[in-house]
Amino acid sequence: MRTYKSVLAEHASRVLQVPETDVLALIEYPPNRELGDLALPCFRFARTLRRSPQEIAAELASALQSVDAFASATQAGGYVNVHFSRSQAAQAVVDQVQQDVDGFLSSRRLAGHRVAIDYSSPNIAKPFGVGHLRSTMIGQAIVRLLEADGSETVGINHLGDWGTQFGKNIVAYLKWGDEEVVRQDPVRELLGLYVRFHEEAKADPSLDDEAREWFKKLEDGDERAVQLWQWFITESRKVFDETYRLLGVSFDYYLGESFYNDKMQAVVDELRDKGLLTHSEGAEVVDLSEWNMPPCIIVKSDGATIYATRDLAAALYRHDELGADRLIYVVGSEQTLHFQQLFKVLERMGRPWAGDCRHVAFGMMKYNGERLSTRRGKVIYLEDVLQQAIQEAKSIIEAKNPNLADKDAVAKAVGVGAVVFNDLKNDRMHEVDFRFEDVLNFDGETGPYVQYTHARACSVLRKAGLKDDGKLTVDAYTQVDDLTWNLVHHLAQANEVFERAVDDLDPSQLARYVLDLCHHFNRFYHDVPILSAAAQLRQERLALTNACRMLIKKVLFLLGLEAPERM
RNA sequence: GCGCCCGUAGCUUAGUGGAUAGAGCGCUGGCCUCCGGAGCCAGAGGUCGGGGGUUCGAAUCCCUCCGGGCGCGCCA
């Protein structure tokens, strides 16, 4: 929909004879709602127009009086503040949300694009810990955001299914493993074997040699090695898929590292043909000193390739074979340099789309201030965290709403929602010190708070007899009090927040937005009677409630949370 | 040593050059004969890490220092 900012910008731009985009960038929300619904500081125009900000603001204020959408325009120092015509705005906003939430949120700016998103990407035979939550849920949210903005997406799980660690896994399993025990709980058992390997290898370095031999066998296609490796993958996948099912996460492709084994020679050949490879300390590298980066190693001194080579092959595959015009990697910030190198090498290889590659980095997850370490067996299983949160939700339901139908399904939605939202609401670059007390708290700025608000809105609408996809038409809003207006005004900002979230690949903006929206709704709900209002008002308030319900549900979906109608 | 990221209330944080720095948790005190109290309201709590600068205006931009994190060729 047409935003109020652009209406203001258009008029101000015409009056002042300055470009509309310049005006648009300056428009802000006044710090105090009595001042107005939008504000335009005029200080910036003073120099070019050779007039005082106050004078400019005064001129604008009087010119904007006549604009239909504005109820008033006043000068306040160097600012001009406008109030919207409330009844007109409320009617338009509520109607448009109900008509088409998707269209209200998005103008489908990415139509025609196809974006590949690499997210989650856990390692085979390793636990899926809380740390993986970040890549998984930020990635999933980005997929939904981009799709909502019109893009096609290709979600890729780049499983860590190759590398020398599998030699260790095989050795440990053959020495100390038991098939039945592993089958019971594959990931935990394999991790135990892996940790034991590292402990014993300290005293007996020959184990490392054995591990190397077994990995070599795997590379050479040794039947036993391949069979064990595939078994590890199968068992790990079962466990991962269980977690993905719980989280509601899915992928278009599971393409692990091993998928590119036969695609790396072509990369090496191309780099060599293009004269980008140089010999250095026994290895072959792409020199990046011109860009102040260390060289990117392509072929190790033992002749083997390395992850950079693999990632290059993967990037080419995603672009050339999967048809993506833009690549996104949702990977921890410790790999920032690697991706800078990767994108630079792609550019030097003559791939113009290298400029459209993005590394969506995020801070590290810690526990009690300490780094989690798979190798030392220091792991918090995401599955455990989710189950605890679900238990917590279940006991709250038993206490507050014991007659609820589908208690288990709701407990799952709320418990998982709490964990997911908790991770999505903050700036992803921040380090996270994982604390159960935060995740298991369902009050305040949390997923359950948003879900609760949604359920509340559903409840009112249900009592009013509104059908599931019903729409309530209102011809004109009569009285729009402050609480109602604050809610409408916030609703109207959905589109600009959505676009910022897409542009920044930052789901936390939407998480913050929906928290604010819920807060405004709860205040409205608390103080403004809906069902008991007189017929006309009742209809207006129900329509507004319905619009909120729809938008909250939509945003929860984008963030990967369910929206139960009762809880 | 070099590079990147982070530093805002006891804790977690919002804020992408504009007006009096907003929230949540925790704490204190209110609000269910009224649409769901996982809620609402109020209170206490801030030298926006320190210091310089740019600007009419800086938590925000630049410089510098301090504290923390992550990287810095054959792991991914």
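Just so you know, these numbers use all the heavy atoms, side chains as well, and skip hydrogens, waters and symmetry mates. Numbered from 1 within each chain, the chains take letters A, B, ... in sequence-line order.
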- Task: Please name all residues satisfying side chain to side chain contact (heavy atoms under 4.5 Å, CB included) with A/Ala543, sequence neighbours left out, ordered by chain then number.
- Result: A/Val94, A/Gln98, A/Leu472, A/Val474, A/Tyr477
- Between B/U28 and B/U20 - C1' atom distance, rounded Å: 25 Å
- Task: Decide whether a cation-pi geometry holds between A/Lys126 and A/Tyr194; the criteria are a distance under 6.0 Å from NZ or CZ to the six-membered ring centre and an angle within 45° of the ring axis.
- Result: yes
- Same-atom distance (C1') from B/G3 to B/G57, integer angstrom: 33 Å
- Verify whether the ring centers belonging to A/Tyr29 and A/His489 lie closer than 6.0 Å. yes
- Got a sec, which residues hit salt bridge (charged side-chain N to carboxylate O under 4.0 Å, His left out) with A/Glu290, two or more places apart in sequence or on another chain? none
- Below 4.0 Å: OP1/OP2 of B/C40 and any side-chain N or O of A/His519: yes
- Query: Counting just side-chain N and O atoms, does A/Tyr452 come under 4.0 Å of either OP1 or OP2 of B/G36?
  - Reply: no
- Query: Looking at the rings of A/Phe343 and A/Trp291, which for Trp means the six-membered one, are their centres under 6.0 Å apart?
  - Reply: no
- Reading RNA chain B 5' to 3', how would its secondary structure be written in dot-bracket notation, given Watson-Crick and G-U pairs with both distances under 3.5 Å, brackets [ ] for crossing pairs and | for partners on other strands? (((((((..((((....[...)))).(((((.......))))).....(((((..]....))))))))))))....
- Under the salt bridge (charged side-chain N to carboxylate O under 4.0 Å, His left out) rule, what pairs show up with a residue in residues 27-49 of chain A, not counting sequence neighbours? none
- Message: Students often get this wrong, so: under 4.0 angstrom with heavy atoms, is A/Tyr449 touching a base, only sugar-phosphate, or nothing?
- Response: sugar-phosphate
- Query: Between B/C63 and B/U54, how far is it from one P atom to the other, in whole Å?
  - Reply: 15 Å
- Message: Please confirm whether the shortest side-chain N or O distance from A/Arg456 to OP1 or OP2 of B/G37 is below 4.0 Å.
- Response: yes
- Task: Could you measure between the two C1' atoms, the one in B/A59 and the one in B/A21, and give it in whole Å?
- Result: 8 Å
- Pairs flagged by salt bridge (charged side-chain N to carboxylate O under 4.0 Å, His left out) wherever residues 161-170 of chain A is involved - sequence neighbours left out: none
- Message: By the 4.0 Å heavy-atom rule, please label A/Met293 as base, sugar-phosphate, or nothing.
- Response: nothing
- Can you name the side chain to side chain contact (heavy atoms under 4.5 Å, CB included) partners of A/Glu499, sequence neighbours left out? A/Ser107, A/Arg109, A/Asn495
- A/His520-A/Phe524 aromatic ring centre distance below 6.0 Å: no
- Residue list, side chain to side chain donor-acceptor pair (under 3.5 Å) with A/Ser72, at least two apart or on another chain: A/His83
- Message: Give me the distance, rounded to whole Å, that separates B/G46 from B/G53 when you measure between the P atoms they each carry.
- Response: 27 Å
- Task: Pick base, sugar-phosphate or nothing for A/Gln335, based on heavy-atom distances below 4.0 Å to the nucleic acid.
- Result: base
- Task: Between B/C40 and B/C25, how far apart are the P atoms? Round to whole Å, please.
- Result: 8 Å
Please write out each protein N/O paired with an N/O of nucleotides 47-49 of chain B under 3.5 Å, distance rounded to 0.1 Å.
none

Show the distances under 3.5 angstrom between N or O atoms of the protein and N or O atoms of nucleotides 54-62 of chain B.
from	atom 1	to	atom 2	distance (Å)
B/C56	OP1	A/Arg47	NH2	2.8

- Message: Would you say the rings of A/His490 and A/Tyr513 are close, in the sense that their centroids are separated by under 6.0 Å?
- Response: yes
- Distance check: side-chain N/O of A/Ser333 vs OP1/OP2 of B/C70, anything under 4.0 Å? no
- Message: Return a single string for nucleotides 2-16 of chain B, one symbol per nucleotide in 5' to 3' order, where B is base contact, S is sugar-phosphate-only contact and - is none, cutoff 4.0 angstrom on heavy atoms.
- Response: ---SSS---SSSS-B
- Is B/C70 syn or is it anti, if syn means the base angle is within 90 degrees of 0? anti
- Task: Determine the interatomic distance between P on B/U8 and the same-named atom on B/U60; round to the nearest Å.
- Result: 14 Å
- Message: Using a heavy-atom cut-off of 4.0 Å across all strands, would you classify A/Ser280 as base, sugar-phosphate, or nothing?
- Response: base
- Message: Under the rule for salt bridge (charged side-chain N to carboxylate O under 4.0 Å, His left out), what residues qualify as partners of A/Asp408, not counting sequence neighbours?
- Response: A/Lys394
- Item | Same-atom distance (P) from B/C65 to B/C2, integer angstrom | 9 Å
- Applying side chain to side chain contact (heavy atoms under 4.5 Å, CB included), name anything that partners A/Ala201, two or more places apart in sequence or on another chain. A/Phe197, A/Leu207, A/Asp208
- Please determine, by modelled atom types, if A/Ser258 and A/Asn261 share a side-chain donor-acceptor pair under 3.5 angstrom. no
- Query: Are A/Asn401 and A/Arg566 close enough that a side-chain donor and a side-chain acceptor fall under 3.5 Å?
  - Reply: no
